[in-house]
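What follows is a set of notes on a single structure, which appears directly below.
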Number of protein chains: 2
Amino acid sequence: MSVHLLQTATSVLLKDPTASLGDVARAAGVGRTTLHKRFPTRAALVRAVANDALDLIDSVSCQVDFDRDDAIEDLITRLVALGPRVEFLLRFPGLERDAELRTRIEAMDEPVLDLITRLQGTKLRRDLPAWWILHTLYAGLFNAWEAISYGRLAPLDAPRFVLTTVFEGVASAGATDRT
Amino acid sequence: MSVHLLQTATSVLLKDPTASLGDVARAAGVGRTTLHKRFPTRAALVRAVANDALDLIDSVSCQVDFDRDDAIEDLITRLVALGPRVEFLLRFPGLERDAELRTRIEAMDEPVLDLITRLQGTKLRRDLPAWWILHTLYAGLFNAWEAISYGRLAPLDAPRFVLTTVFEGVASAGATDRT
DNA sequence: GAGCAGGTGAACACTCATGTTCACAACGGT
DNA sequence: ACCGTTGTGAACATGAGTGTTCACCTGCTC
């Protein structure tokens with residue numbers, strides 16, 4: 001049941017980062033006292049939500065074979081499915097002020113950066129820095145999550161949208177005006 | 001001098017959306033009373049900052065000839081230069097709850113959406129919805145602003161990065177694995 | 001039934017952002 | 001020198017979120 005509490009907290013805090021603890025408790029169908037017993041302070045709750053998301057990413061990361069050439073496609077597809085839990089990590093303001101969290105987030109980026117660097121020998125452009133490509137991927141993910149939450153994009157369409165847009169761009173195949 | 005106040009408020013609130021009015025006033029080198037005299041309430045300040053950003057966009061929008069085929073490139077290049085003032089519009093939480101602001105934001109999107117739809121006849125892909133392409137552009141902008149604020153990206157490089165990435169994608173030219 | 005773990009609402013004190021007012025200082029125009 | 005404007009710090013009341021405690025209830029095991 002504590003799991004459901006964290007998930008509810010995730011979506012409530014994501015929708016309104018200034019939501020009070022009372023709001024979170026009510027949304028989770030739980031007393032504010034109970035919430036306080038699990039997470040003695042607001043900072044503790046936020047940290048728990050973030051760590052939960054990081055655990056989720058770790059579990060996904062383990063399932064991806066980073067040695068395969070289509071590892072990125074696999075990773076993106078799996079990350080899209082995670083939705084708000086991970087979006088929280090990239091969106092919640094002030095999260096990077098927690099040193100421990102910042103460390104975990106950077107550690108999460110590292111293998112992907114390595115993968116990108118390696119693939120820049122084959123299927124990825126060499127004229128862009130790896131970090132820019134990584135953040136472009138994140139931007140695509142965030143884009144998809146937002147569209148899904150607004151009901152504009154079907155969750156099952158999302159991976160294809162993100163991958164095709166990030167990899168091939170929005171220009172039509174014929175128009176190659178690389179400047 | 002009021003202009004400088006709004007710009008300071010923009011960057012302070014962007015860095016920390018929960019910053020107190022005292023923080024804003026101090027950052028602007030002005031008394032909290034003075035701030036209150038100009039903007040009687042916090043909501044009024046936020047609205048003023050947002051409207052300032054929208055005015056800025058309007059003034060840019062007027063300079064772009066939406067009939068030209070390279071209007072998008074022109075628009076993006078100009079928007080990148082605006083930086084945090086516009087980033088505020090896309091980032092600040094709860095901004096869309098103000099009906100008047102939401103209207104202005106949608107009105108801002110409209111001509112760009114029309115342009116995208118028109119260009120889908122020529123240089124833009126037809127197999128993606130116009131709104132998706134629009135949001136991909138925004139995501140690229142946001143990406144660049146963030147990289148600039150972290151000092152990773154030179155402002156003068158930004159337009160090229162955004163345009164080439166959004167239009168052509170991150171895949172190397174040879175790898176055309178359109179699924 | 002006794003005991004215990006877990007959950008709950010009520011209540012309290014405390015902090016802090018906020019809105020508001022007021023008296024005072026600086027400055028420019030007349 | 002006078003006065004309106006503009007900015008300033010100090011002070012105050014208010015409200016909301018927060019952390020904390022306590023008494024009470026429920027369901028479970030022994």
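By convention in this document, chain letters (A, B, ...) are assigned in the order of the sequence lines, proteins followed by strands, and residues within each chain are numbered from 1.
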So, is [X] near the phosphate of [N], with a side-chain N or O under 4.0 Å from OP1 or OP2?
{"X": "A:Arg38", "N": "C:dG6", "result": "no"}
{"X": "A:Arg32", "N": "C:dG7", "result": "no"}
{"X": "A:His36", "N": "D:dT18", "result": "no"}

_Shortest side-chain distance from A:Thr34, nucleotide among D:dT18, D:dT8, C:dG7_ =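 So the nucleotide nearest the side chain must be C:dG7.
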*Of the nucleotides C:dA17, C:dT8, D:dG19, which one has an atom closest to the side chain of A:Lys37?*
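Nearest listed nucleotide: C:dT8.
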*Over 12 foreign heavy atoms within 6.0 Å of CZ, B:Arg68*: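 Count not over threshold, so no.
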Rounded to the nearest Å, what distance is computed from the [atom1] atom of residue [X] to the [atom2] atom of nucleotide [N]?
{"X": "B:Phe39", "N": "C:dT20", "atom1": "CZ", "atom2": "C1'", "answer": "18 Å"}
{"X": "A:Arg26", "N": "C:dG9", "atom1": "CZ", "atom2": "C1'", "answer": "14 Å"}
{"X": "B:His4", "N": "D:dG7", "atom1": "NE2", "atom2": "P", "answer": "14 Å"}
{"X": "B:Leu21", "N": "D:dA16", "atom1": "CG", "atom2": "C1'", "answer": "15 Å"}
{"X": "A:Arg42", "N": "D:dA16", "atom1": "CZ", "atom2": "P", "answer": "16 Å"}
{"X": "B:Leu35", "N": "C:dG19", "atom1": "CG", "atom2": "C1'", "answer": "12 Å"}

_When you compare the side chains of B:Gln63 and B:Arg78, does any donor N or O come within less than 3.5 Å of an acceptor on the partner?_
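Judged by distance alone, the side chains do pair up.
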*Output the distance between atom CG (B:Leu35) and atom CZ (B:Phe39), rounded to the nearest 0.5 Å.*
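Result: 7.0 Å between the selected atoms.
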*hbond_proxy A:Thr33 side chain to C:dG7 base (donor-acceptor, 3.5 Å cutoff)*: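 No, the side chain and the base share no sub-3.5 Å donor-acceptor pair.
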_Closest contact, heavy atoms only, B:Asp23 versus B:Arg26_ =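 Heavy atoms only, the tightest pair is OD1-NH2, 3.0 Å.
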